[in-house]
Amino acid sequence: MKASCTYCGALFVVVAMPTAIPDNNVSFHAASEVPDPGLQLVEQEVVSAENAQPLGAVSRKTVFHGAGGTLFGIHLINTLLTLVTLGIYYYWAKVRVRAFLFSQTEFAGDRFSYHGSARELLNGTIKASLVFGIPYFLMGNAGQFLEGSTAIQVTLKVAASLLLILFIPVAITGARRYRLSRTAWRGIRFSFRGKTLDFIKLWLSGYFLTAVTLGLYYPYFSTKKHAFLTTHSYFGSEPFKFSGDGVALSRPFLRMYLLAVAVAGVVGLGLYSFVDLPGQNIEDPEAMGSFVFGAIASLMIGALVSRLLWLPYSVIEQRFFWEQTSIGSARFQLPITTWPYLKLKLGNLLLMLCTLGFAWPWITIRNIRFITDQLELVGIDNFDEIVQAYDGAPPIGEGLDGFLDTGFDLG
Amino acid sequence: MPSLWQGFYLDGRSATRHPVSIQLTTAALHIVKADGHTIRWPYSEIVQTHGAYEGEQIRLEYGAPLPQTVILQDSTFLAAIQQISGSSATPFHNPRQRPLRLRLTILAGMVLLGMMGGFYMWGIPGLAKLVAPHIPVSWEEQLGMSVLEQIAPSEKRCVDQTRLAALESIVARLSRAVPDSPYRIRLTVVNRPTVNAFALPGGQVVVFRGLLEATETPEQFASVLAHELQHIYKQHSTRSLIEQASTSLLIAAATGDFTGGVAYGIEGARVLGVLRYSRLHEGEADREGLRLLQAVGIDPAEMVAFYQIMQAQHPHDDAASSYLSTHPDTSDRIEKLTALAVAPPPHPVKLFSLEEWKELRSLCQHSVASSPHAAMDSSQ
C-alpha cells in the first residue's frame, strides 16, 4: 500500500502494524499529523513507489455517538413548534435533526458537520413547486375543466406523467448537490459535480431498458446510477471513485427475481379462490368489507414476501456499492450480512407498529448505527493533501436559469 | 480548572488537523498553533455548533461561508468560558442550563401530548363538522351516485312501484320534519339477503331486502330510515373523508416522516381514528334519528325493538370487540337509546297495519327487475 510522508514527502509502503494504536477508531493512524514513533519506523521502509506492493492496511472506522432519547427530545420540540406554526417550522426542524445526526457521526476521529439552513430548504421547495409541482398539478387536472377532446386530455395526462418521471432524476441530483455542498468533515466540504442532463439520459435509458427486459436490467441500471452519483462526488479536491459494474449483481438479482416470480405464482394461485368468493357478493357492503379486508391482507402478504425477498439482495447491493467505492488509495468496506439486516428491519417494523410511528428517533438511530458500526475505509488515505474546493456561492436563489444544475432540497 | 486547553484547529482550506493550545481572555479566544503563531477569535463572532449535549465534543466555528474550526474534548471548557467572558459568552452553550433544557423538553412533550390528544378527540371531528357544510351538495350527490352504481346495480334493485311508493312515503314523512335540509332523499331497496342499510352522501338511502324483511313493524323500518337520514343530514360520509385525511396528517406531523416504516404506523393510527370517528357518527345518528322519530310522533321504543332483533341475530358481539369495530356495541346502543326514549308519545303514529306491512316488506318478491334476464323470467 503506497503513501507519502506528510513531513518529508518521501514515498513509503506500510509493512507492519505499529505497536501503539493512536485512538480507538483508527486501527493504524498513517499520515498522522502527530509524529508517532511506530509510524516513523514504518516510514523508514521506503521502497520504489513504482514497485510497491500493499503489505498492510490502515482501517478507519465510523462511529455514531447519538442517543435515541436525545433525538426524541429534539423531535418533541420540533413537532410542537411545527404544529404551533402550522407547518412552517418543518424546515427548521429538518435542519436541527440533520445537524444533530451529522454532528454525532464520527469518521476517523472527526465528526461531520452540517451547514444547511432552513431558508435554503424552503427556497428549494418553492423552486421545485414552481418548476415541477404547479405544472404537474395543472396538467394533471386541467382536463377536468377543459371541454376539449379526449386526445387533449390524454396528452395532458401523459405530459404530467413525463414531467414526474423527469422530476425524479432532477430531484436526486439536486438534493445530492445541495446536501453534499452543506456537509463537511474536518472543515472541508463535499460536492457533487455531475451534470443533471447526463443523469436524466442515464435514468431514462435505464428505465426503458429495465421495463423492456421485465426488470432484468435493474442491477445494471442501479449500478450505473450509483457509479454516476459516486464518481461525480468529491471530498474537497479529491473525487470518489467507483469500480464496479452490474455483472457482479446480476446473479444475486436473478436468483431473487426467479424466486419472486415463483412465490408470486404460488401466492396468486392460493389467493385466487379467496378473492373470488367475496366477489360474488360485491354489492353487499358487509361482504365488501371482508373483500376489502381480504384484498388488503393479500396485498400486505405480497408486500411482505417481496420485501423479505428483496432484503438479501439489498444487503448484497449495499455491500457491493460501498466496496467498489474508493477515495485516494483507500477503499470502503461494509461487511453487512442478511440475517442481522433482516433482524434490524423486522425490529424496526415492530417498533413502528407498536408505537404508531413514535419510535421514529430510535429507528433512525438503529439504521444509522447498523451502517456506521461496520463501515470502514481501508488503505492509505491522503486526507492531509486534500484542500477545500468549495465554490463559495450557495446553489440556491440564483433564479430559474440553469435550474437543472443547481442544488435544491425539498426538506 | 485549567487555563489552557488542548484541541485541534482546522483552517477551512485543508483537511489537516493542527494540534493547538487554547487560551481564554475576557474578550476573545486565543488559539496557539504548534509553531507559536496565535489566532484571535472575538467571542461575539464565534458560533458553537457542537457540544450542547453531555459528553459531546465542543466545536467552535469562526467566519463564513467556510469557517475555521476549533475542536475540544474537555467539557470543563464551556464552564470556564462562561466564567471568564461574562456577558459576552452568549454564543456559547451553558452546561448549567442542561437540566433546565431537559425540563423544558419534558414540558414540551406533555404540551404536545395534550395538543395531539385534544386534536384527536375534539379537533379533528370539530374541523370536519366545520368544513363539511361548505362542501357543495352537488359534489356529495356525484360521489353518492357513483357509489350507488357500484353497490346497487340497477338489475339488483327491487322496483315494484306500488310497494316502493309506500316505503317512500315513510321517507317523505321523516324528511318533512327537516324542511331546511338541502338534500333530496331517495330510497333504493336492493335484492340481497343481508340485514343492513346505509346512507350515501348527497341523499341516497340503500336498504337491503334482508333488513326490510327483518323489521316487524313499519315503525321499526322508519327508525332505521331515521338513523340513515341523520347520516346524510349530518354529512357523516363527507366528514369521514376529512377526518381520515386529518388523522394521517396529524400522525405524519408527529412522526416527522411519511415514508418507509412510518407509513405502517400512520396507517395503523389512521385506521384507529376511522373506527373511533365512525362509532361517534353511529352514536350521533342513533340520537338524532331517535329525535327525528319523536318529531314525527313515532314511538322511539320501535328503534330499541329493532336493535333487540339485531342483537338476537348476532348474540356473540361483545363490548370489547366493539373498540375494533366501525359500530358501537349493540347492548350499549340499546341502553343509551332506552335512556333517551323516556316516555312514549301519548298517541304514537301507526304508519301501516301489521298486515299491510307484511305485504309491503315482501317488495322484493314482487319486483320486476330491469335486467334482461329478469325480463325474460317475467315473460315466461
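Lettering of chains follows the sequences in order, A, B, ..., and the numbering in each one begins at 1. Quick caveat, the model's predicted, so the values are computed rather than measured.
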Original post:
Checking side-chain contact (heavy atoms from CB on, under 4.5 Å) for the pair M116(B)/L83(A): CA distance, chi angles, key distance, verdict?
Top reply: CA-CA 9 Å; M116(B) 291 191 62; L83(A) 287 178; 4.2 Å; yes
Subject >> R59(B)/S113(A) under side-chain contact (heavy atoms from CB on, under 4.5 Å): CA gap, chis, key distance, verdict >> reply: CA-CA 9 Å; R59(B) 192 183 180 100; S113(A) 55; 3.6 Å; yes
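From H115(A), atom NE2 reaches atom CD of E61(B) across 4.5 Å, with rounding to the nearest 0.5 Å. Here the CG atom belonging to L76(A) is positioned 12.0 Å from the CG atom belonging to L104(B), to the nearest 0.5 angstrom. The CZ atom of F112(A) sits 11.0 Å away from atom NE2 of H50(B), with the distance rounded to the nearest 0.5 Å. Rounded to the nearest 0.5 Å, atoms CD (Q57(B)) and CG (D110(A)) are 7.0 Å apart.
If you measure heavy-atom distances from R111(A) to chain B, the contacts under 4.5 Å come from both the backbone and the side chain. Residue contact with chain A, scored on non-hydrogen atoms closer than 4.5 Å, is absent for L113(B). Looking at I188(A), only its side chain comes within 4.5 Å of chain B, counting heavy atoms on both sides. Contact of F72(A) with chain B is not made at all, since no heavy-atom distance falls under 4.5 Å. Looking at Q68(B), neither its backbone nor its side chain comes within 4.5 Å of chain A, counting heavy atoms on both sides.
No other option in T355(A), L351(A), V387(A) has as many heavy-atom pairs under 4.5 Å with chain B as V387(A). Options G187(A), A67(A), C354(A) differ in how many heavy-atom pairs under 4.5 Å they form with chain B, and the most are formed by G187(A).
Counted within 6.0 Å of CD on Q142(B), heavy atoms from surrounding residues, nucleotides or ligands total 12 or fewer; the atom is thus considered open. No more than 12 heavy atoms of other residues, nucleotides or ligands sit less than 6.0 Å from atom CH2 of W139(B). Counting heavy-atom neighbours within 6.0 Å of R13(B) CZ, excluding the residue itself, gives a total of 12 or less. Other residues, nucleotides and ligands contribute at most 12 non-hydrogen atoms within 6.0 Å of the CD atom of E54(B).
The shortest heavy-atom contact between E56(B) and S103(A) is OE2-OG, 3.5 Å. Between P67(B) and R189(A) the shortest heavy-atom distance is CD-NH2, 4.4 Å. Taking every heavy atom of both residues into account, G73(A) and T105(B) meet most closely at CA-CG2, 3.5 Å.
Using a 4.5 Å heavy-atom threshold, the side chains of M115(B) and V84(A) count as touching.
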